[in-house]
Every structure is written in C-alpha cells, then in structure tokens.
Amino acid sequence: MLDNPRTTVPIDESSLRYEGWRIVAVCFLLATFGWGLGFYGQSVYVAELQRARGWPASLISSGTTFFYLFGALLVVFVGEAVRKYGPRICLISGTLAMAAAGVAIGAVREPWQLYLADAVLAFGWAGTSLAMITNTISLWFDHKRGMAISLALNGASFGGIVGVPLLVMMISHIGFASAMVAAAAAMLVLLLPVILLVVGRPPDLHGWQRAAKAKPQSSSQIRAWALRDIGFLTVTIAFALVLFAQVGFIVHLISFLDPVIGRERAAVAVAVLTAMAVIGRVLFSLVIDRLNQRLASAISFLSQAAALCVVINLHDDYVLIAACAVFGFSVGNLITLPSLIVQQEFDSAAFGVLISLNTAINQVTYAFGPGVVGALRDWSGGYALPFYLCVVLEVAAAALIMVRGSQKQSSRRVG
C-alpha cells in the first residue's frame with residue numbers, strides 16, 4: 001500500500017505559497033475575535049453591566065473569574081478534540097460558541113444569566129484562543145512553528161488595540177445589546193467562510209496518523225506522566241508564575257500610574273506597552289526557532305523583573321514609560337515560548353495534550369493575579385509590596401525554567 005502522498009512530498013515551510021501560511025492568517029483572524037471578545041472584552045462587559053444594571057463590580061468580576069476557571073478546565077481537552085474531530089470542525093465550533101456568548105452577554109438581565117453567558121464564553125474561549133491556535137498551527141508547521149505561532153498571535157494584540165475601541169464605539173452609538181449582536185455577526189460573516197474555504201486536511205508532518213493506527217496513546221496517561229515529569233513541571237510552573245505576575249501588573253498598571261504621572265500619560269504608557277508586545281513578538285518570530293528557548297525565556301523574565309523594579313522606585317514620566325516599553329517587549333512572547341519548548345523537548349505525538357494541559361494550568365494561575373495584587377495593595381496601602389512580589393516570582397521563574405528533564409525519552413514511553 002502506498003503512503004499518503006502528503007506525507008512523502010517534502011514541505012518547504014518557508015515558501016509563501018505553502019498552505020500553512022493561509023492557516024496562520026485564519027488563526028490571526030480567530031485570535032482577533034477570540035481575544036477581543038473573550039479576553040479584552042471583559043473590561044467592557046464589567047463597565048457596561050455595572051452601568052446598565054447597577055450590580056456591584058465584585059459580582060460581575062466573579063463572573064469573569066468563573067469564566068477563566070471554567071475555560072481552563074475546557075482548554076485541557078482542546079488537543080484531544082483537534083486530533084479526534086479535526087481542526088476545521090473545532091475552529092467552527094469555537095467560532096459559533098464565541099458568537100453565541102457575545103449575544104448572550106448583551107442580553108443579560110439577571111446575575112444567573114451572566115454566569116450562563118460566561119459558561120458559553122468559556123467554550124468559545126477554549127475554541128478560539130491559545131490552545132486551539134497552537135494545536136492547529138502545529139498540524140501544518142514544524143521547523144517554522146515559532147514564527148507561525150508568533151505571527152498568528154499578533155491577532156490577539158490586534159483584538160485589543162482595534163477590536164475593543166470599535167466595540168466601545170458601537171456601544172455608544174447603538175447600545176450594548178445591539179453592539180454585541182453586531183460583533184457576533186461580524187465574527188460569523190468573516191470567519192466561517194474563511195475556515196470552510198481554507199482549513200482542510202493537514203499534512204501528517206509528525207506521523208501522528210500512522211502512530212494512531214499503530215499504537216493509540218491515552219491522553220489521560222500522557223497527562224498523568226506529565227504531572228510527574230520534572231521537565232514539564234518546570235516549564236509549566238515557571239510560566240504560570242510569570243503570567244500571574246504579568247497579568248496582575250498590567251491590570252493594575254493604570255491605577256498605579258494615574259496618581260504618579262496622570263491619567264493621560266498612564267494611558268500612553270499602557271499603549272506603549274501594548275505596542276511593544278506586538279513589536280517584540282514580530283522581531284522575536286524571526287529568530288525564535290533558532291534560539292535556546294529556555295534561556296530566552298529566562299532572559300525575558302529577568303527583563304520584566306528589572307522593568308518592575310524601575311517602575312516601583314523611579315517616578316519620572318519618561319523613565320516609567322520606557323520601563324513599560326521594556327516590560328511590554330516580552331509580553332507577547334511569553335504565550336508563544338511554552339509551546340516551542342514543549343515541541344522541542346517532548347515527543348511530537350504528545351504535543352496537543354501537553355500544550356493544552358500547560359495552557360490550562362497557566363490560565364487557572366493567572367486568573368488570580370489581579371485579585372491577589374489588588375488584595376495586597378489594599379492591605380499594604382500601596383503597590384510596592386504586590387509589585388515586589390511580582391519581581392520575586394519573575395526571578396524565581398527565571399531560575400526554574402533553566403531546570404531541564406529527560407522529556408523526549410520519557411514521553412515516548414507514555415501510552
């Protein structure tokens with residue numbers, strides 16, 4: 001019997017004509033809506049529901065925490081879903097769930113409806129965010145996977161920079177409910193035809209199809225092994241600590257800077273941080289596949305720790321904005337690097353399960369970042385203590401990420 005010709009013809013991933021780059025474009029668009037409605041949109045929902053319903057911010061924010069935690073539970077199974085049902089069905093399902101959640105949030109009238117809408121949003125988030133994008137791109141890319149993931153995830157920044165202001169503008173003109181319906185409709189109109197036309201059967205770059213026929217691997221066995229493996233745990237815990245610090249710092253950044261340099265310059269600092277996240281991700285994508293990725297991660301963590309120390313101790317306007325720029329340069333890359341380390345050090349057949357588990361653990365951890373930073377701020381009367389905690393976590397993560405294990409050999413014994 002002849003092998004599938006897609007597995008025998010050499011693939012030039014660097015060629016612009018390679019179909020994988022069309023998949024990157026689809027994932028960019030998916031990330032734009034996924035982060036725009038699922039991640040950055042949360043700040044809009046809190047403000048609008050508080051204004052329209054008069055509910056306490058704590059009630060609405062608890063719905064956001066529920067969304068992150070339930071979404072993390074679902075993210076664990078994204079890799080299995082992609083392998084079982086294929087990327088096209090999974091991408092369509094995620095798009096439909098995110099659009100339905102957008103409409104539901106705009107229609108919320110009672111607190112229980114908010115939790116129901118956030119539950120649907122968690123399904124949409126699992127199907128449009130990091131785990132889905134990395135699992136999808138991994139089916140088309142091997143040698144250029146770092147660049148492909150980095151470029152696709154620029155859609156996440158685009159969703160925050162362009163998508164959220166557009167959503168706010170629509171709300172001011174047509175109201176919250178109508179704006180959410182319009183955003184959901186735009187997502188369906190733009191994404192569904194593109195997914196149907198572009199996303200087909202991926203090449204079997206890693207021999208997964210043949211491996212599945214020869215000896216199916218148990219996802220539960222892979223997860224059980226990973227949670228005992230030093231190499232996997234150092235990657236996962238290190239990034240969980242850093243993302244906890246990163247999300248906690250960014251959420252509270254304007255509150256910290258407002259009394260120090262004023263609201264206008266605080267907004268400039270946040271805009272610079274966001275812009276540098278895009279620039280850093282694009283520049284890093286050019287070399288990321290050739291770097292020692294654990295070392296690059298450690299340097300990124302330490303650069304953020306240094307920037308935080310400057311933010312805490314120096315209150316000059318331009319120095320603070322420059323420190324935010326340094327911090328922001330690594331922000332985008334910290335959601336790309338875990339998948340590249342997993343790809344490099346673990347058996348490719350376990351990639352989907354491992355990166356989904358990594359993403360879920362990170363999401364559970366960083367969901368508590370803003371709350372812990374806020375609680376420490378209230379307890380201590382300032383941001384110095386919580387921000388120094390973030391510095392300690394970044395430095396500890398830099399040391400932890402350099403601890404390696406024998407992942408590749410071990411992972412091949414799973415199943």
Side-chain angles (χ1 to χ4, degrees), residues 25-55 57 60-61 63-64 66-68 70-71 74 88-130 132-133 152-199 267 270-271 274 278:
V26 172
C27 289
F28 177 95
L29 190 58
L30 187 78
T32 299
F33 283 99
W35 265 265
L37 294 177
F39 186 83
Y40 297 110
Q42 288 292 332
S43 61
V44 178
Y45 309 152
V46 170
E48 287 300 320
L49 290 173
Q50 192 173 15
R51 180 189 61 79
R53 304 293 166 220
W55 296 339
I60 305 171
S61 298
T64 301
F66 166 72
F67 153 70
Y68 280 127
F70 185 47
L74 298 174
R88 177 188 285 177
I89 291 177
C90 291
L91 293 173
I92 290 173
S93 299
T95 300
L96 293 174
M98 183 63 78
V103 174
I105 289 173
V108 163
R109 297 292 181 271
E110 301 291 338
W112 68 267
Q113 295 173 343
L114 174 61
Y115 283 90
L116 181 60
D118 278 327
V120 179
L121 188 66
F123 278 96
W125 176 249
T128 60
S129 59
L130 181 62
M132 181 61 69
I133 289 171
L153 288 177
N154 279 317
S157 300
F158 191 76
I161 296 170
V162 177
V164 171
L166 285 176
L167 181 60
V168 171
M169 183 180 67
M170 285 195 298
I171 291 172
S172 66
H173 284 83
I174 61 177
F176 183 45
S178 297
M180 294 305 295
V181 171
M187 183 177 190
L188 294 176
V189 169
L190 291 174
L191 263 174
L192 289 182
V194 173
I195 293 172
L196 290 170
L197 289 172
V198 174
V199 182
V270 173
T274 305
V278 177

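Computed from a predicted model, the values in this text were never measured in an experiment. Computation of the quantities below employed the complete heavy-atom set of this structure, encompassing side-chain atoms and omitting hydrogens, waters and symmetry-equivalent molecules.
In this structure, L153 and W35 have side chains that are in contact, with non-hydrogen atoms separated by less than 4.5 Å. Between M187 and T128, some side-chain heavy-atom pair lies under the 4.5 Å cut-off. Residues L190 and F33 are in side-chain contact: their nearest non-hydrogen atoms beyond the backbone lie under 4.5 Å apart. Side-chain contact between R53 and R109: present, with at least one pair of heavy atoms (C-beta onward) separated by less than 4.5 Å. With a 4.5 Å cut-off on side-chain heavy atoms, L121 and F70 do not count as touching.
Every side-chain contact (heavy atoms from CB on, under 4.5 Å) that P111 has, sequence neighbours left out, goes to W55, L59.
Of all heavy-atom pairs spanning A126 and L74, the tightest one is CB-CB, 3.9 Å. Contact record, V108 with Q113: C-OE1, 3.6 Å, taken as the closest heavy-atom pair. In terms of heavy atoms, A152 sits closest to I133 at CB-CG2, 4.2 Å. The two residues G106 and A177 have their closest heavy-atom pair at O-CB, 3.4 Å. Of all heavy-atom pairs between G127 and L30, the closest is O-CD2, 4.0 Å.
A distance of 13.5 Å separates NE2 of H173 from OG of S178, quoted to the nearest 0.5 Å. The distance from atom CG of L167 to atom CG of L37, rounded to the nearest 0.5 Å, is 7.0 Å. Put simply, CZ on F158 and OG1 on T274 are 14.0 Å apart, with the number rounded to the nearest 0.5 Å. From N154, atom CG reaches atom SG of C27 across 12.5 Å, with rounding to the nearest 0.5 Å. With rounding to the nearest 0.5 Å, the separation of OG1 in T95 from CG in L192 is 5.5 Å.
A donor-acceptor contact shorter than 3.5 Å links the side chain of R88 to the backbone of L196.
Classification of the F39-W125 ring pair by plane angle, with boundaries at 30° and 60°, yields parallel.
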Output a table of donor-acceptor pairs, distance under 3.5 Å, between side-chain atoms of residues 96-105 and any protein atom two or more places apart or on a different chain; print 'none' if there are none.
none

